[in-house]
Structure formats: structure tokens, C-alpha cells
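Remember, it's 1-based here, ligands and their atoms both numbered in the order they're listed. Starting from 1, each residue takes its place in the sequence as its number.
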Amino acid sequence: MTQQDIDLAIHILKEGGLIGLPTETVYGLGADAQNALAVEKIYELKRRPKSHPLILHIGKIENLEFWATQIPKQAYKLAEAFWPGPLTLLLKKSKNTPALITAQSDFVAIRIPAHPIALELLNSFEGAIVAPSANRFGKLSPTSSAHVRKQFPKGVDLVLEGGTCEVGVESTILSLVGDQPVILRPGMISSQALEYVIGKLVISPAKVNNKIQVSGSLPSHYAPDTPVRLLTAPELLDYLNSSKTIRNKSIAYLTFSTSLAPKAKNLQIFEMPPDAKAYARCLYEIMYQVDALGFEEIIVERPPQDPSWIAILDRLTKASYKSGEIKPDEELA
Ligand code: TXA
Ligand code: MG
């Protein structure tokens with residue numbers, strides 16, 4: 001990555017083009033936030049409904065006041081503690097924020113990403129960059145430049161090479177616009193970490209998501225093309241023994257323990273890290289790899305019910321609901 005690449009990216013943004021933008025979470029599909037035609041292009045290329053607003057990426061905390069208004073003190077505390085980093089704050093939008101990027105709502109989602117290339121670009125570009133994850137609507141988020149090119153062989157003017165994403169799953173989204181702070185999307189910054197900084201209870205998605213919806217009524221998200229099933233180790237045994245069809249199915253099994261995995265000839269084992277951070281970092285990459293191998297099904301061993309696994313469990317649940325899992329109500333792309 002050279003200064004020339006950054007200059008080219010800025011040129012493309014100014015001309016209303018789209019770039020692949022590395023961040024610490026996942027790669028984004030970036031456009032100039034103030035260029036309506038460029039923002040329209042993002043929706044078109046992703047095939048994303050206009051009802052799904054976009055996250056605004058800025059380079060400095062001081063820029064918050066241009067895009068948001070009535071910013072609560074908590075927002076500054078959180079920004080000081082976690083920015084640049086994988087936290088997105090939902091705030092009241094200012095008149096400078098185009099309604100096109102907020103799905104016509106009064107609120108804007110903003111973050112400062114912790115990636116040297118993203119930061120250099122944001123701080124050289126006069127303005128802000130809207131960037132949803134660089135994947136087609138409902139598909140796997142990209143954690144490498146190769147994933148971005150795979151998702152969009154055409155339509156992206158430049159993919160900045162930023163290596164493999166350090167965090168690997170999308171940012172925690174925290175709403176600060178109601179009476180209480182609410183997590184809209186869990187990420188690797190936990191509700192406990194947020195509570196510690198603001199000294200106030202944060203409503204976490206586990207509580208918000210009590211309403212559950214039976215599968216089939218909503219599109220799946222964060223999903224590979226191969227159907228995904230989320231099972232505990234004992235459930236897997238029952239599943240494998242349940243029918244002849246299943247015993248003949250070619251299955252990829254993503255497990256924490258290769259030695260304890262059932263020895264079945266239709267099952268190919270992939271070992272996953274036991275630590276949540278390491279798991280998050282490689283989850284989408286492994287999904288891309290396994291997806292390309294042509295299995296009929298991917299079975300993922302259910303991670304522990306521990307707060308550090310909430311974001312991972314959320315993504316796996318959304319990826320797996322097509323296979324008959326019950327899916328939380330929360331819809332995020
Ligand atoms: O880590 C991330 O957040 C990545 C990187 C590229 O920054 N971005 C990302 O963007 O995950 P996206 O568009 O794939 O997911 C953002 C989610 C969407 O589900 C969207 O509905 C929600 O944030 N969101 C964005 N703006 C919002 C708003 N104004 N009000 C409510 N939800 C919003
Ligand atoms: Mg997304």
C-alpha cells in the first residue's frame with residue numbers, strides 16, 4: 001500500500017466511485033457520504049433494500065459534531081475509550097447528514113475504524129465515508145481483499161489491500177438515542193465493557209431479542225451459500241443417526257475438538273479455535289473456504305453460552321436459520 005493508492009482512492013471517492021475499504025472488523029464498500037449518486041450505487045451493487053441504513057466512518061472525534069447533534073456525554077466517554085475501534089454509536093443526525101444514508105430516520109450510526117489505511121484515507125479525505133460490509137445483501141462479510149473481489153467481481157473501482165481483518169466480525173452497534181443505551185448489534189466490544197465506561201446499564205440484545213420468529217419469514221444473513229446448521233456435539237450425533245439421507249450427505253463439521261468429533265466418512269472436520277477472539281478472526285475466512293469446497297451442509301459446533309461469544313453466536317444463528325433453526329427477530333445486514 002502506497003501513498004499513490006491512497007491518492008487514487010481519494011480521487012475515486014471524489015468522482016463518485018466505490019472502493020473496497022479495509023477496517024479492523026470487516027472490509028467495507030466505501031463511498032463519499034455526501035454524494036447521493038455514489039450512495040445509490042452502494043445500494044444497487046449490494047442489492048440492499050433502502051430501508052437498511054449505512055454506517056458513517058469518520059477519522060477524528062472532533063468530526064462527530066458535523067454529522068451528529070445533541071451528542072450525549074456518554075458518547076464522548078465511549079469514543080475516548082474505544083475509538084478508533086469496533087464500536088458504532090447511534091446518535092441524532094445533524095442537518096449535514098443526508099437522509100439517504102440513514103434510511104430517512106433522524107439517527108445516524110457513526111464510527112472511527114481502527115485500521116491504519118482506513119484512518120489515513122479518512123483523515124486525508126475531506127468528508128466522511130459510508131461503508132456497509134462489502135458483501136451482497138445477506139451474504140458473508142469479507143475479511144480479506146480477496147473476499148471483496150469474490151463478492152464483487154465488477155462494480156468496485158479499487159480495493160485497498162489491508163491484509164486480514166484483525167477483529168473479524170462487524171462492530172458493536174450501540175444506540176444512545178433512547179432513555180437507555182441499547183445494543184442493536186453485538187460485536188466483540190461487550191455490553192460489560194460499555195457499562196464499565198459509562199457506569200450505566202446497557203440493554204443487551206439477549207434481552208431485546210426475546211421475541212423470536214419462526215424461520216422462513218425473514219431472509220438469512222451473514223450466510224454462505226451452503227446451508228449452515230448450528231448443533232451441540234450430542235445433537236450432532238442424533239442428527240447423523242437420524243436418517244440414511246443424512247448419513248450420505250457430505251458435511252463439513254466446524255468443531256472445537258477434532259479428537260471428540262464423530263468418525264463418520266461423510267464428515268470432514270475443521271478445527272476451530274477455543275478462544276472467542278481467535279474464533280471471530282477466522283470465522284468468515286473459514287466459511288468462505290468451506291463454502292468453496294462444495295459440501296451439502298456445514299455443521300458448526302455451538303459455542304459456549306458465555307458473554308464473550310455473544311457476537312459469534314449471533315452471526316452463526318443468523319447464518320444457520322435457513323436450515324430450520326429459530327432465528328432472533330433482529331434484522332441486520
Ligand atoms: O464493522 C462494521 O460495522 C462494518 C465496517 C465496514 O465498518 N460495517 C458494517 O456495515 O457492518 P453494514 O451496513 O453491513 O451493517 C451496519 C448495520 C446495518 O444492519 C444497519 O441496518 C445498521 O447498521 N445501521 C446503520 N445505520 C443505522 C441507523 N441510522 N439506524 C439504525 N441502524 C443502522
Ligand atoms: Mg453487513
message: When you measure from the side chain of T97 to the backbone of W67, do you find a donor-acceptor pair of N or O atoms at a distance under 3.5 Å?
response: yes

statement: The atoms of ligand 1 lying under 4.0 Å from a heavy atom of G28, numbered in the order shown, are 6 (C)

query: Does K93 reach ligand 1, in the sense of a heavy atom lying below 4.0 Å from it?
result: no

task: Looking only at non-hydrogen atoms, find the nearest pair between I298 and M287 and report the distance.
output: CD1-SD, 4.3 Å

Distance-only N or O hit between ligand 1 and R111, under 3.5 Å: yes

message: Can you tell me if P86 contacts ligand 1 (heavy atom of the residue under 4.0 Å from the ligand)?
response: no

field: Per-atom contacts of ligand 1 with T25, taking only distances under 4.0 Å to non-hydrogen atoms
entry: 1 (O), 2 (C), 4 (C), 5 (C)

query: Heavy atom under 4.0 Å from ligand 1: found in A109's side chain, backbone, both, or neither?
result: both

query: Among side-chain atoms of D314 and T317, is any donor-acceptor pair under 3.5 angstrom?
result: no

message: Taking the basic N atoms (NZ, or NE/NH1/NH2) and the acidic carboxylate oxygens, is any pair closer than 4.0 Å for E170 and R315?
response: yes

message: For the backbone of L160 and the side chain of D5, can you confirm whether one donor and one acceptor N or O come within less than 3.5 Å of each other?
response: no

- prompt: Has ligand 1 got any nitrogen or oxygen that is less than 3.5 angstrom from a nitrogen or oxygen of H52?
  reply: no

Residue E170 vicinity, atoms of ligand 1 by number, heavy atom under 4.0 Å: 1 (O), 11 (O)

task: Examine the proximity of ligand 1 to R48 and report which part, side chain or backbone, both or neither, has a heavy atom under 4.0 Å away.
output: side chain

task: Could you tell me whether the side chains of S242 and R247 share a donor-acceptor contact shorter than 3.5 Å?
output: no

query: Aromatic ring centroids of H52 and F137 under 6.0 Å?
result: yes

